[in-house]
Amino acid sequence: MGLKVYNSLNNEMEVFEPLQAGKVNMYVCGPTVYNYIHIGNARSIVAFDTIRRYLEYLGYDVNYVSNFTDVDDKMIKAAKEDGITVPEVADKFIKAYFEDTKALNVEPATLNPRATENIPDIIKFVQALIDQGYAYSIDGDVYYRARKFKTYGELGHEDLDTLESGASQHVSADELAKKEDPIDFALWKKAKPDEISWDSPWGKGRPGWHIECSVMSTKYLGDTFDIHGGGIDLEFPHHENERAQSEAKTGKRFVNYWLHNGFVTVGDDDEKMSKSLGNFVTVHDLIKKIDPQVLRFMMSTTQYRRPIRFSQAGLDEATANLKKLQTAYTNLEYRLKDAEEDGDPKVDQEIRQLQADFQDAMDDDFNVQNGIAKVYEIAKLGNVYAERPFVFKETIELIMQRLKQLSSIFGIELSATAFNDADVEKLIAERNQARADHNFQRSDEIRDELKEQGIVLEDTSQGTRFRRENKR
RNA sequence: GGCGGUAUAGCCAAGUGGUAAGGCAGAGGUCUGCAAAACCUUCAUCGUCGGUUCAAAUCCGACUACCGCCUCCA
């Protein structure tokens with residue numbers, strides 16, 4: 001069948017064909033690092049990490065670049081409030097970013113460039129736009145002539161006249177006075193006294209918000225690359241402006257596939273979670289209370305374009321499903337010790353079919369809901385198989401391997417229990433003797449004792465087994 | 001106002017013409033000394049109204065509700 005993705009540029013499903021066979025270059029807009037990431041940021045990070053993992057599952061070599069915006073108005077404000085420098089604010093929250101995303105089992109990007117590390121390239125890029133007539137400097141600022149870029153508005157699906165009337169209401173009079181056209185946007189901003197700044201041909205200043213992404217993406221991925229991702233709120237104007245800047249400069253198509261993730265919503269009104277609305281929960285705080293794997297699982301099993309309603313019910317459901325997968329894995333693992341060599345061709349075939357179904361689902365614009373349904377079917381098949389009186393080792397291992405492999409696409413690491421704790425085995429033996437003697441008081445005592453240590457006993461037709469309960 | 005999205009059981013959620021996947025919760029059952037785990041069974045006519053069709057959740061029209069973008073934002 002082959003992978004199809006929904007391209008925001010034309011709002012249509014398209015067959016995914018990377019520029020270079022077997023290789024995918026993708027860029028995902030990262031956060032402005034003036035605070036801990038909230039779960040809306042995490043959603044985007046997880047969505048594209050899951051997409052990346054699936055591309056890797058398909059065999060693509062993925063070059064994954066995601067930036068940090070480490071200088072802008074909010075960074076400056078945060079630094080002033082805390083009495084530290086802008087780079088200090090950035091360092092603090094970039095460090096936290098890596099801690100939080102690691103907890104969510106996000107694969108590290110190939111590269112995480114920072115805006116401030118690319119200032120010379122940004123200046124060159126802006127100068128090129130001025131030279132080509134796409135930008136103009138005025139009083140230390142540089143603006144982009146949006147109207148000159150003939151397809152401006154195409155990505156945002158907006159027409160210029162509508163934009164103009166909208167823009168004029170929100171732009172400050174001061175800024176409006178400098179701009180040739182209200183829809184023009186800043187490439188370079190003149191520094192106010194005491195603000196962090198860099199020297200440039202237009203005086204001391206700093207980059208505008210959109211230019212850094214154009215510069216860093218084309219610098220590290222080429223003038224044209226395969227996938228550009230980010231939240232749906234970035235589609236316009238941020239990505240529109242990136243497109244305008246990049247295509248004006250290079251004369252080439254900037255991005256082949258634009259992918260935009262939906263929001264995390266909260267409350268009875270399903271309101272968007274965002275820093276500006278102040279209704280956000282940071283990952284930093286949340287994972288003190290809940291298992292980060294649960295959060296990861298909840299996010300990665302919702303299709304990236306759909307909104308995620310953040311709720312206790314959603315977390316509970318994710319907890320139950322996550323446990324179900326791990327339990328199935330453990331149930332199979334337990335049977336390895338008495339499994340016979342060889343495999344069961346019929347069951348093996350069923351597993352392979354389910355995996356093919358999984359892939360068909362995921363190929364449809366990363367339809368994770370249909371995908372995970374197939375993983376649940378594999379888990380169920382595994383549970384049924386594990387209850388058979390006689391089982392084959394190769395089949396057990398095949399099911400376990402597939403469960404683990406497919407779960408990992410969702411960022412879930414199923415783990416082995418390792419049933420070989422001599423002290424526990426000794427107590428189990430004692431308990432089974434007690435049970436044989438019908439001394440149930442003693443047998444329950446032993447079970448309670450082990451439970452205190454986080455070890456749960458389960459009696460099966462193949463004997464008693466134990467597993468370690470997740471503390472959270 | 002312009003543009004885009006969504007509306008399926010208590011909840012989450014698949015499903016673009018042929019009589020509603022999957023999961024959570026619930027109910028009943030099997031197994032078990034008890035329990036746990038697992039498995040089995042059970043649980044909807046698809047926002048409203050109208051139209052097209054032998055046949056529609058799926059196509060067309062109208063309407064309603066909610067969300068988002070157009071301004072910093074994943």
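Residue numbers start from 1 in every chain, and the chains themselves are labelled A, B, ... in the order their sequence lines are given, proteins ahead of strands.
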* Asked: Looking across every strand, which nucleic acid part, if any, lies under 4.0 Å from A/E235 by heavy atom: base, sugar-phosphate, or nothing?
  -> nothing

* Along RNA chain B (nearest heavy atom to each residue), the more 5'-positioned of A/P307 and A/V456 -> A/P307

* Structure fact -> The answer to which of A/H157 and A/G262 contacts RNA chain B further toward the 5' end, by nearest nucleotide, is A/H157

* Asked: How would you label the contact of A/I372 with the nucleic acid (heavy atoms, under 4.0 Å): base, sugar-phosphate, or nothing?
  -> nothing

* Asked: OP1 or OP2 of B/rC39 sitting under 4.0 Å from any side-chain N/O of A/N383?
  -> yes

* To do: Report yes if a donor N or O on one partner sits less than 3.5 Å from an acceptor N or O on the other, where the partners are the side chain of A/E377 and the base of B/rG22; otherwise report no.
  => no

* Structure fact -> Using Watson-Crick geometry (N1-N3 plus N6-O4 or O6-N4) or G-U wobble (N1-O2, O6-N3), each under 3.5 Å, B/rU58 is paired with none

* To do: Examine A/K77 relative to A/Y34 and say whether NZ or CZ is less than 6.0 Å from the centre of the six-membered ring and inside a 45° cone about the ring axis.
  => no

* Asked: Does A/K272 make a side-chain N or O approach to OP1 or OP2 of B/rC69 shorter than 4.0 Å?
  -> yes

* Would you please confirm or rule out a distance under 4.0 Å between OP1 or OP2 of B/rC40 and any side-chain N or O of A/K380? => yes

* Looking across every strand, which nucleic acid part, if any, lies under 4.0 Å from A/T327 by heavy atom: base, sugar-phosphate, or nothing? -> sugar-phosphate

* Asked: Under 4.0 Å: is that the gap between some side-chain N or O of A/N41 and OP1 or OP2 of B/rA74?
  -> yes

* Output all residues satisfying side-chain hydrogen bond (donor to acceptor under 3.5 Å, both in side chains) with A/E175, sequence neighbours left out; order by chain, then residue number. => A/K179

* Asked: Distance check: side-chain N/O of A/N367 vs OP1/OP2 of B/rG15, anything under 4.0 Å?
  -> yes

* Asked: Is there a donor on the side chain of A/R442 or the base of B/rG33 sitting less than 3.5 Å from an acceptor on the other?
  -> no

* **Under-4.0 Å side-chain N/O to phosphate OP1/OP2 contact, A/R435 with B/rU32** => no

* **Distance below 4.0 Å between A/K374 side-chain N/O and B/rA21 OP1 or OP2** => no

* Base partner of B/rA38, which must satisfy Watson-Crick or wobble distances under 3.5 Å -> B/rU30

